[in-house]
Amino acid sequence: MRSFCIRTSLKLVVGLVWLTGVHAESIPSYKWAIVGFGPAGIVTAGLLLDLGVADKDIVAIDPEFNVGRVGEYYSNVPSNTKTRLFVDFIKACKVFQECHSECIDKLYSYDQEVEYPLQIIVDPLKDITAHLRTKIASVQDSIQALYFDNNVWHITTKGDDHFTAENVVLAIGSHPKRLDYDCAHEICLDVALDKNLLAQAVNTNDAVAVIGSAHSAVLVMKFLSELKTKRIINFYRAPFQYEIVGGIAGMAAQWAKEVLEKNKPINLLRLYNDQQARDAWMDACNKVIYAVGYERNEAPMINGNNAELSYDGHSGVIAPRLFGIGIAFPEQYINEAGNIDNKVGLNSFMCYAQRIIPEWLPKREPNRFISFDQLFMINMM
Ligand SMILES: Cc1cc2nc3c(=O)[nH]c(=O)nc-3n(C[C@H](O)[C@H](O)[C@H](O)COP(=O)(O)OP(=O)(O)OC[C@H]3O[C@@H](n4cnc5c(N)ncnc54)[C@H](O)[C@@H]3O)c2cc1C
């Protein structure tokens with residue numbers, strides 16, 4: 001079992017106060033709590049139901065129930081996935097197929113070999129979320145703390161709701177990474193990836209620095225170029241990568257190959273991102289967009305600690321009865337260069353979940369772990 005690293009010192013008092021303040025018999029109890037209901041939480045709920053876990057034994061917690069970050073910000077973002085893969089995604093789960101809606105019918109009717117904006121899968125996932133919420137329990141809130149004691153997880157929400165679960169799945173998602181370069185005005189990546197929003201954030205006099213060279217950075221450069229931004233300076237570290245999991249795909253790949261690589265506009269400058277290049281050129285930019293990937297959202301406090309969680313990238317296990325999935329805890333693999341890389345995207349989550357979730361189901365009477373100390377190996381730092 002992977003170790004569970006805890007950065008700060010143990011603050012068991014917090015949990016004990018919690019336990020003494022709540023009457024165990026009055027709080028709802030579940031077998032499974034799914035924390036976060038973006039695409040990964042939705043997949044987890046669907047597959048647990050497919051595997052025969054009873055509706056009443058599952059609770060999902062999310063502040064919005066709006067298909068996570070992709071539902072909130074990225075409906076207008078061009079997808080890098082062909083429609084048929086989104087159809088495969090929905091067909092992979094029996095419970096998803098119980099849901100009938102116009103949006104799902106529409107998804108089936110599109111050209112299956114074309115990549116459309118993400119809206120085509122966000123809308124069906126909204127309907128599937130609504131369907132799942134008619135079956136399982138759901139709490140519209142954020143989880144603030146998990147506390148393992150007496151063989152169950154005691155769960156507290158920010159809104160001060162309390163319940164227990166035997167197993168917890170963290171599907172908490174991620175947010176764009178930011179850097180701190182010397183530029184007065186940052187345009188958030190969530191805004192930059194939606195061309196309509198980006199159009200409101202830039203004008204034709206702007207010189208915009210775009211940091212990064214993956215799918216998001218290419219899309220942003222394409223949009224800036226189409227919006228006739230005066231100057232675009234791309235600070236990159238890695239070459240464009242197309243044929244890899246999570247590489248540049250769809251219309252972004254086409255544009256990178258045809259325009260950036262063969263016919264780069266004169267107002268677009270690409271520079272290897274080192275201190276020298278930044279010293280020479282950042283001053284010329286009045287706006288900056290960091291397209292340098294995503295990092296895990298902050299996890300709930302666990303047994304009184306703000307924990308930095310490590311997990312097994314082949315099983316999703318963080319600790320017994322505590323699992324991670326989705327972009328926050330993706331499947332890991334060794335890429336062609338021999339480095340550890342992550343598999344992200346809805347179909348990757350689905351394939352991985354189909355393999356690992358059956359392994360999460362308890363095979364024996366689960367009364368093996370009575371206390372926090374037995375549940376984790378704790379590395380004090
Ligand atoms: C720009 C962009 C383009 C993409 N294009 C594609 C594509 O073409 N094809 C494809 O398959 N996928 C695409 N994706 C989706 C991608 O696969 C993401 O990895 C996926 O949406 C992540 O889903 P998730 O459920 O892991 O996380 P999220 O969508 O981030 O959802 C996490 C949820 O957890 C909630 N949460 C966080 N903390 C707590 C807490 N403490 N308590 C309760 N709830 C909590 C959040 O509010 C959120 O609702 C794209 C994503 C991006 C950003």
Side-chain angles (χ1 to χ4, degrees), residues 28-62 65-68 70-71 81 83-101 103-105 107-108 120-139 153 163 165-173 311-312 314-318 320-331 343-366:
S29 59
Y30 302 94
K31 290 212 164 87
W32 292 88
I34 303 169
V35 183
F37 219 62
I42 295 168
V43 165
T44 305
L47 292 187
L48 284 172
L49 291 168
D50 275 7
L51 287 163
V53 175
D55 309 0
K56 67 174 177 44
D57 288 335
I58 305 174
V59 62
I61 310 98
D62 190 284
F65 285 100
N66 190 30
V67 195
V70 83
T81 304
T83 305
R84 86 181 137 73
L85 292 173
F86 286 144
V87 169
D88 289 350
F89 170 83
I90 288 182
K91 288 192 170 163
C93 176
K94 287 194 209 104
V95 175
F96 290 179
Q97 288 175 73
E98 291 171 7
C99 176
H100 299 286
S101 80
C103 303
I104 297 177
D105 293 344
L107 176 71
Y108 291 163
I120 68 156
I121 186 65
V122 167
D123 287 345
L125 284 176
K126 284 185 183 167
D127 291 339
I128 288 170
T129 299
H131 175 67
L132 289 169
R133 291 182 78 189
T134 64
K135 298 171 85 77
I136 64 174
S138 61
V139 177
W153 287 104
F163 42 93
E166 290 175 13
N167 304 281
V168 171
V169 182
L170 297 180
I172 54 177
Y311 74 107
D312 185 313
H314 304 287
S315 69
V317 174
I318 299 169
R321 317 259 220 97
L322 181 63
F323 307 99
I325 198 162
I327 196 163
F329 300 95
E331 180 178 11
K343 288 192 182 172
V344 294
L346 304 197
N347 289 73
S348 297
F349 297 161
M350 180 59 90
C351 293
Y352 182 48
Q354 284 176 318
R355 192 155 40 76
I356 61 174
I357 292 180
E359 297 298 317
W360 294 353
L361 297 181
K363 294 182 179 59
R364 281 177 277 152
E365 172 41 40

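Between the Trp153 side chain and the Arg321 main chain, a donor and an acceptor come within less than 3.5 Å of each other. A donor-acceptor pair is defined here as one N or O able to donate and one able to accept, closer than 3.5 Å; such a pair exists between the side chain of Tyr352 and the backbone of Gly316.
Heavy-atom minimum distance, Leu346 versus Phe86: CD1-CE2, 4.0 Å. In plain terms, the two heavy atoms of Phe349 and Val43 that are nearest each other are O-CG1, 4.5 Å. Here the closest non-hydrogen pair linking Gln354 and Ala92 is NE2-O, 3.4 Å. Of all heavy-atom pairs between Pro330 and Val344, the closest is CB-CG1, 4.2 Å. Closest heavy-atom contact between Gly326 and Ala40: CA-CB, 3.3 Å.
When side chains are defined from C-beta on, Val168 does not count as touching Ile318, because their heavy atoms never get closer than 4.5 Å. At a threshold of 4.5 Å between non-hydrogen side-chain atoms, the residues Ile42 and Ile128 count as touching. Counting heavy atoms from C-beta on, the side chains of Leu125 and Phe89 come closer than 4.5 Å. Counting heavy atoms from C-beta outward, Pro39 and Val70 have side chains that approach closer than 4.5 Å. When side chains are defined from C-beta on, Trp360 counts as touching Ile325, because their heavy atoms get closer than 4.5 Å. You'll find the side chain of Met350 reaches within 4.5 Å of the side chain of Cys93, heavy atoms only. Counting only heavy atoms from C-beta outward, the side chains of Val87 and Tyr108 approach each other to under 4.5 Å.
With sequence neighbours excluded, the residues satisfying side-chain contact (heavy atoms from CB on, under 4.5 Å) with Pro124 are Ile90, Cys103, Ile104, Leu107. Arg84 pairs by the side-chain contact (heavy atoms from CB on, under 4.5 Å) definition with Lys82, Gln112, Glu113, not counting sequence neighbours. Evaluation of the ring-ring contact (aromatic ring centres under 6.0 Å, His included) rule for Phe329 yields Tyr311 as partners, not counting sequence neighbours. Evaluation of the side-chain contact (heavy atoms from CB on, under 4.5 Å) rule for Ala45 yields Ile34, Phe37, Leu132, Ile136 as partners, not counting sequence neighbours. Taking the side-chain contact (heavy atoms from CB on, under 4.5 Å) definition, one finds that Ser29 meets it with Thr164, sequence neighbours left out. Evaluation of the side-chain hydrogen bond (donor to acceptor under 3.5 Å, both in side chains) rule for Ser138 yields Arg133 as partners, not counting sequence neighbours.
Applying the salt bridge (Lys or Arg N to Asp or Glu O under 4.0 Å) definition to pairs two or more places apart or across chains, none involves residues 32-46. Applying the salt bridge (Lys or Arg N to Asp or Glu O under 4.0 Å) test to residues at least two apart or on different chains, none of the pairs has a partner in residues 40-49. Annotation: side-chain hydrogen bond (donor to acceptor under 3.5 Å, both in side chains) contacts involving residues 30-57, sequence neighbours excluded, are absent. Identified under the side-chain hydrogen bond (donor to acceptor under 3.5 Å, both in side chains) test for residues 88-101, with sequence neighbours left out: Glu98-His131, Glu98-Lys135, Ser101-Asp127.
Going from atom CD1 of Ile356 over to atom SG of Cys351 covers 11.5 Å, rounded to the nearest 0.5 Å. The distance from atom CG of Asn167 to atom CG of Leu322, rounded to the nearest 0.5 Å, is 9.5 Å. The CG atom of Leu361 lies 5.5 Å from the CG atom of Leu51; values are rounded to the nearest 0.5 Å.
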